[in-house]
Amino acid sequence: MQLIARSLLLVALLSLGGCIQQFGKHKASASTVAGPTTEQQIESALQRYSGRIMAMDASAVADMYAPDGVWERQSGPLRGRDAIRAALAETGGVRVLSNEMTTATFSYNGPAVVHTGEFKQTVQLPNGNALNANGSFEATWVRAENGDWWIRRMVTRPHK
């Protein structure tokens, strides 16, 4: 039972995200232009994020968050890339077999873009059994001065 609970936590962890102000040479951009170009860039960033989840690359996933990003999760929020990286690095022997994230909507809120959609994920437990999870996500993206899109905050909600 503890293994299943830990596996479900990993599924939730691997599907969540981050918050930004300023950090070193990279800080948030002051403006975001609404439209298809922005939405294509965010969609591309989402697919890169999903691929990094699939690869179980904790550092690469954490780097997609804003430096002071917040990852909302049931056991409490994680703040900052280091905390997110550490949480994702501890897999307990669970492997991600598939991860799919699809877009539903985009909405603009000043320099931030709120992006909603659905996720589907399959993980393999250490005992070899597979666990499927699906649900919705809400990601808030901000653009860094260097043009990268960072996750300010991501929340996933599993379907019952």
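Note that the numbering runs from 1 along the sequence shown for the chain.
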Quiz item: Tell me the salt bridge (Lys or Arg N to Asp or Glu O under 4.0 Å) pairs involving residues 98-125, sequence neighbours left out?
Solution: none
Quiz item: Which residues satisfy the side chain to side chain donor-acceptor pair (under 3.5 Å) test with Asp63, sequence neighbours excluded?
Solution: Arg85
Quiz item: Do any pairs count as a ring-ring contact (aromatic ring centres under 6.0 Å, His included) and have a residue in residues 73-103, sequence neighbours left out, and if so which ones?
Solution: none
Quiz item: Which heavy-atom pair separates Met56 from Thr91 by the least distance, and what is that distance?
Solution: CE-CG2, 3.3 Å
Quiz item: Between OG1 of Thr38 and CH2 of Trp149, what distance do you get to the nearest 0.5 Å?
Solution: 5.0 Å
Practice problem: Just jot down the side-chain contact (heavy atoms from CB on, under 4.5 Å) partners of Ala112, sequence neighbours excluded, or say none. | Solution: Thr140, Val142, Arg152
Practice problem: Sequence neighbours left out, what pairs pass ring-ring contact (aromatic ring centres under 6.0 Å, His included) with at least one residue falling in residues 76-102? | Solution: none
Exercise. Starting at CD of Gln47, measure out to OG1 of Thr102 and round the result to the nearest 0.5 Å.
Key: 8.5 Å
Quiz prompt | Pairs meeting criterion ring-ring contact (aromatic ring centres under 6.0 Å, His included) with involvement of residues 73-113, two or more places apart | solution = Phe106-His115
Practice problem: Rounded to the nearest 0.5 Å, what's the gap from CD1 on Ile84 to CE on Met64? Could you check? | Solution: 12.0 Å
Practice problem: Please list, chain by chain and in numerical order, all residues satisfying side-chain contact (heavy atoms from CB on, under 4.5 Å) with Ser44, sequence neighbours excluded. | Solution: Arg48
Practice problem: Please name all residues satisfying side chain to side chain donor-acceptor pair (under 3.5 Å) with Thr37, sequence neighbours left out, ordered by chain then number. | Solution: none
Self-check item: Non-hydrogen atoms of His159 and Gly135 that approach each other most closely
Solution: CD2-CA, 3.2 Å
Quiz prompt | Qualifying ring-ring contact (aromatic ring centres under 6.0 Å, His included) pairs, either residue in residues 74-100, two or more places apart | solution = none
Quiz item: Closest approach of Thr122 and Ala130, non-hydrogen atoms and distance?
Solution: CG2-CB, 4.1 Å
Exercise. Provide the closest heavy-atom pair for Gly92 versus Pro126 in the form atom of the first, atom of the second, distance.
Key: O-CG, 3.3 Å
Quiz item: Between Arg143 (side chain) and Gly147 (backbone), is there a donor-acceptor pair under 3.5 Å?
Solution: yes
Quiz item: Does Phe137 reach the side chain of Leu46, with side-chain heavy atoms less than 4.5 Å apart?
Solution: yes
Practice problem: Nearest 0.5 Å please: distance from the CG atom of Asp68 over to the CH2 atom of Trp150. | Solution: 9.0 Å
Quiz prompt | Residues that Asp57 engages under side chain to side chain donor-acceptor pair (under 3.5 Å), provided they are two or more places apart | solution = none
Quiz item: Which residues satisfy the side chain to side chain donor-acceptor pair (under 3.5 Å) test with Ser50, sequence neighbours excluded?
Solution: Asn99
Self-check item: Working for side chain to side chain contact (heavy atoms under 4.5 Å, CB included), residues Ile151 and Trp141
Solution: CA-CA 5 Å; Ile151 300 168; Trp141 298 87; 3.5 Å; yes
Practice problem: Please name all residues satisfying salt bridge (charged side-chain N to carboxylate O under 4.0 Å, His left out) with Glu138, sequence neighbours left out, ordered by chain then number. | Solution: Arg153
Quiz item: How close do Asn129 and Asn127 get, heavy atom to heavy atom, and via which atoms?
Solution: N-OD1, 2.9 Å
Quiz item: About how many Å separate CD of Gln124 and CG of Leu131, when rounded to the nearest 0.5 Å?
Solution: 11.5 Å
Quiz item: Do Ile53 and Gln121 touch side chain to side chain, with heavy atoms closer than 4.5 Å?
Solution: yes
Self-check item: Distance in Å, Glu72 CD paired with Thr156 OG1, rounded so as to fall on 0.5 Å steps
Solution: 10.5 Å
